[in-house]
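No hydrogens, no waters, no symmetry mates; every other heavy atom, side chains included, goes into these values. Quick caveat: nothing in here was measured; it's all calculated off a predicted structure.
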Protein chains: 2
Amino acid sequence: MDNVIHYSMKHRFGAARHGARNGPELDATLAGGDLVADGLNTPKLRDVARIAGVSVITASRCISNPERVSEKTRAKVLKVAEELGYIPNRLASAMVSSRSMAVGVVLPTIANPIHSVLLEALAEVLEPFGYRTLLGTTGYRADKEYDVVRTLLAHKVDAIALAGKAQSAQTRKLLAAANVPVAEMFELYDDPLDINVGLSNREAGAALARFLIARGRHRFAFVLHSEIDDSRMTSRYDGFLATATDARIEPFHDSSKPGLLRESVVSAILSRMPDVDAIVCSGHQAAVTAICALRNQGIAVPAQIAVAGFGDSPASQWVQPALTTVSYPMSDIGTKSGQLLLARLRGEAIDNAQADLGFQIMERGST
Amino acid sequence: MDNVIHYSMKHRFGAARHGARNGPELDATLAGGDLVADGLNTPKLRDVARIAGVSVITASRCISNPERVSEKTRAKVLKVAEELGYIPNRLASAMVSSRSMAVGVVLPTIANPIHSVLLEALAEVLEPFGYRTLLGTTGYRADKEYDVVRTLLAHKVDAIALAGKAQSAQTRKLLAAANVPVAEMFELYDDPLDINVGLSNREAGAALARFLIARGRHRFAFVLHSEIDDSRMTSRYDGFLATATDARIEPFHDSSKPGLLRESVVSAILSRMPDVDAIVCSGHQAAVTAICALRNQGIAVPAQIAVAGFGDSPASQWVQPALTTVSYPMSDIGTKSGQLLLARLRGEAIDNAQADLGFQIMERGST
DNA sequence: CTGTTAGCGCGTTCAA
DNA sequence: TTGAACGCGCTAACAG
């Protein structure tokens with residue numbers, strides 16, 4: 001148990017402030033020549049144009065197509081825009097140009113470092129081209145997935161990237177009808193909707209089975225997470241099962257917060273399978289917590305029981321012994337997916353919409 | 001060193017597919033009575049209205065203000081909308097109503113669990129009220145902060161929540177002019193822009209100093225991160241310094257990837273300060289890696305050197321010995337900030353725009 | 001190189 | 001309870 005010491009300053013009282021939006025209309029007459037924006041309204045392009053003495057469309061071009069305007073007017077317009085603190089309204093430009101310059105990203109959760117790495121890599125590729133990412137999280141639930149995709153489409157995203165596949169038929173239909181490029185990331189599928197970048201979790205499961213068997217293990221407890229609906233998890237298990245045919249494999253289901261592992265599951269393993277010589281966790285953080293739980297029970301890792309997991313993060317090296325894991329190239333997956341989506345968005349041909357980026361087994365102390 | 005074993009399946013070749021957007025216009029005549037949407041164009045509200053035999057505005061009301069429409073027409077319109085797979089265009093509705101139903105969230109990074117927890121809590125409060133969160137990350141850089149806020153404003157977010165304060169005067173000016181509710185989260189400030197929910201990192205530093213001194217430590221190495229611009233970090237240091245006046249405190253600067261800690265910094269501490277009896281890290285993950293580094297060098301924690309950090313996560317319990325940290329109520333901060341922002345968005349009065357949610361010292365094995 | 005016209009899809013503001 | 005007109009802010013398409 002943690003020894004907790006609680007601190008809190010007294011509440012400080014701040015003045016209540018109101019953010020009144022949409023004050024009185026800007027006077028639309030051409031009367032005012034002032035360079036200062038109206039206090040309550042953000043300046044529009046027409047204000048910039050009026051003050052700079054050009055038409056609205058010319059002002060627009062100075063910002064979006066600078067090369068199609070004379071250097072002189074461009075300088076003048078940009079100066080006025082700067083002075084007014086003009087910020088283009090992306091909603092308006094998206095409406096008329098049918099390009100929102102936003103890409104929707106659907107993740108189960110961002111609490112898992114695997115997904116945050118994926119998102120950051122994807123965003124890094126897209127941002128230089130002016131695309132923003134719009135995040136939606138599903139909590140591993142297929143019904144929420146539908147809502148999230150729908151909402152993203154309502155915001156007129158130009159493309160959608162999903163970690164995992166679009167699970168429900170409903171969602172797949174939505175995406176097909178939406179007529180936007182789609183990238184399914186992380187796992188490889190036989191029937192991708194469009195772009196598909198990742199690796200075979202089934203192969204990963206098989207590889208880990210071979211790896212452990214080669215090290216003399218043959219009585220496996222395989223921990224799955226029962227409360228999440230994740231095909232990647234079951235693929236790993238299937239691959240493991242299909243490969244370790246001569247070994248004894250027992251599945252155990254955890255139902256704690258996704259990613260972690262209840263200590264009781266470890267107890268269940270030890271009592272139901274006293275001669276277990278390896279624990280394999282479908283989740284990464286679950287494997288880390290398994291090591292801690294075994295340590296707490298005084299069981300030698302890996303001497304008595306080996307532990308391995310899928311997915312890698314710095315935490316693998318924090319536990320003792322360090323965790324052997326199947327490491328996924330999440331950053332590369334994000335980058336590659338972003339590149340393929342950009343190609344689609346530019347209308348370029350793609351000769352290979354599916355890419356296998358493989359995986360690595362990081363052999364560490366726990367095996 | 002890790003022993004790495006690399007696997008990759010052969011690339012599988014998928015057919016190239018094109019997502020052609022904006023095909024030929026929907027036939028605007030009233031001729032077609034078909035209930036099936038045109039293959040290439042997403043149905044608009046006017047399509048729903050036409051097929052249901054009502055005006056556009058009535059169709060609109062069936063979706064946004066169901067109670068202002070007769071039950072019969074509502075049922076009819078909703079049925080048609082469902083059949084067509086109609087998805088409202090949020091961009092259009094945002095334009096005309098000046099409410100985008102989106103809240104911008106500015107974080108240094110989502111790789112740090114502290115921030116992902118904050119985001120998830122915030123989103124959970126806002127979503128039931130129809131608000132989406134639009135994420136922007138700054139990488140702890142003030143110049144990027146300005147760009148991110150500007151972009152969010154360009155997307156007409158209805159409110160903005162920032163982890164930390166708006167650092168640059170430029171950004172603060174932008175936010176003040178934007179006339180939207182703003183929440184500065186995590187740290188408490190004397191001059192918040194508007195809503196401010198968090199705790200005093202200065203107090204947290206002071207409390208940790210008192211805590212360690214009470215346990216007999218008095219020669220401190222305080223690790224700061226030199227490549228990030230984070231006032232929370234320096235506040236902790238200031239508070240520590242101001243409290244441990246009788247102790248010896250030496251600052252050490254790390255320049256690795258934010259969050260982690262280079263092993264060389266630990267070596268530097270040991271050589272420059274051989275009698276050090278406690279290492280305090282401004283970052284959470286840095287403290288975890290410090291424990292690992294000391295372990296690798298065969299130094300007893302906490303017997304010889306104690307270690308403590310700011311910010312908590314499951315990883316604190318994964319290292320051995322478990323890490324003593326100052327734990328922040330990030331989830332509560334997100335929840336409270338969301339509630340206050342909702343009040344502002346509804347135009348309700350707020351009698352206390354600043355809230356101190358305190359912190360806890362989690363005493364574990366490392367001290 | 002610059003301007004005019006038209007309209008993106010929807011909700012507000014009126015009137016019926 | 002329903003509808004007509006209008007405009008949100010901006011850019012595509014054409015004209016000058």
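Put simply, A:Ser70 has a side-chain N or O that comes within less than 4.0 Å of OP1 or OP2 on C:dT2. Between A:Thr58 and C:dG3 there is a side-chain polar atom (N or O) within less than 4.0 angstrom of OP1 or OP2. One finds a side-chain N or O of B:Ser64 lying less than 4.0 angstrom from the OP1 or OP2 phosphate oxygen of C:dG11. Between B:Ser60 and C:dG11 there is a side-chain N or O to OP1 or OP2 distance below 4.0 Å. Distances shorter than 4.0 Å separate none of the side-chain N or O atoms of A:Tyr86 from OP1 or OP2 on D:dG9. Within the 4.0 Å cut-off from OP1 or OP2 of D:dC8, not a single side-chain nitrogen or oxygen of B:Ser97 is found. Proximity of B:Ser93 to the phosphate of C:dC10: no side-chain N or O atom is located under 4.0 Å from OP1 or OP2.
If one axis is set at each end of the helix from C:dC1-D:dG16 to C:dA16-D:dT1 from five pairs, those axes are 30° apart, to 10°.
Applying the salt bridge (Lys or Arg N to Asp or Glu O under 4.0 Å) test to pairs two or more places apart or on separate chains, none has a residue in residues 58-75 of chain A. Screening residues 164-173 of chain A for side-chain hydrogen bond (donor to acceptor under 3.5 Å, both in side chains), with sequence neighbours left out, gives A:Glu145-A:Thr171, A:Ser168-A:Thr171, A:Arg172-A:Glu184.
With contacts defined as side-chain heavy-atom distances shorter than 4.5 Å, the pair B:Val180/B:Val157 does not qualify. Annotation: side chain of B:Val105 is in contact with side chain of B:Leu107 (closest heavy-atom distance under 4.5 Å).
Applying the side chain to side chain donor-acceptor pair (under 3.5 Å) test to A:Asp143 and every residue at least two apart in sequence or in another chain returns A:Arg141. Taking the side-chain contact (heavy atoms from CB on, under 4.5 Å) definition, one finds that B:Ala159 meets it with B:Val103, B:Pro181, B:Leu341, B:Leu345, sequence neighbours left out. Checked against side chain to side chain donor-acceptor pair (under 3.5 Å), B:Ser60 has no partners two or more places apart in sequence or in another chain. Residues satisfying the side chain to side chain donor-acceptor pair (under 3.5 Å) criterion with B:Thr73, sequence neighbours excluded, are B:Ser70.
Within the nucleic acid shown, B:Ile57 comes within 4.0 Å of at least one base atom, counting heavy atoms only. Here B:Val56 lies out of heavy-atom contact (under 4.0 Å) with every strand.
The nearest heavy atom of DNA chain D to B:Ala92 and to B:Gly53 marks one nucleotide each, and the one closer to the 5' end goes with B:Gly53.
Rounded to whole Å, atom C1' of D:dA4 lies 16 Å from atom CZ of B:Arg46. In this structure, the CZ atom of B:Arg99 is 13 Å from the C1' atom of C:dC10, given to the nearest Å. Residue A:Leu153 contributes atom CG, which lies 16 Å from atom C1' of C:dG9 at whole-angstrom precision. With rounding to whole Å, A:Leu91 atom CG is found 11 Å from D:dC10 atom P. In this structure, NZ of B:Lys76 is placed 15 Å from P of D:dT1, rounded to the nearest angstrom. We find that CD of A:Glu71 is positioned 17 Å from C1' of C:dT2, with the value rounded to whole Å. When rounded to the nearest whole Å, the span between CE of B:Met101 and P of C:dG9 equals 22 Å. Rounding to whole angstrom units, CG of residue A:Leu45 and C1' of C:dT2 are separated by 14 Å.
Proximity note for B:Val54 (side chain, C-beta onward) versus D:dG3, D:dG9, D:dC10: the nearest is D:dG3.
The minimum heavy-atom distance between B:Leu91 and A:Ala94, with the atom names listed, is CD2-CB, 3.6 Å.
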Please set out all donor-acceptor pairs under 3.5 angstrom arising from side-chain atoms of residues 127-139 of chain A, sequence neighbours excluded.
unit_1   : atom_1 : unit_2   : atom_2 : d
A:Arg132 : NH2    : B:Leu135 : O      : 2.5
A:Thr138 : OG1    : A:Tyr140 : N      : 3.1

Atom pairs under 3.5 Å: protein N/O with N/O of nucleotides 14-16 of chain D:
none

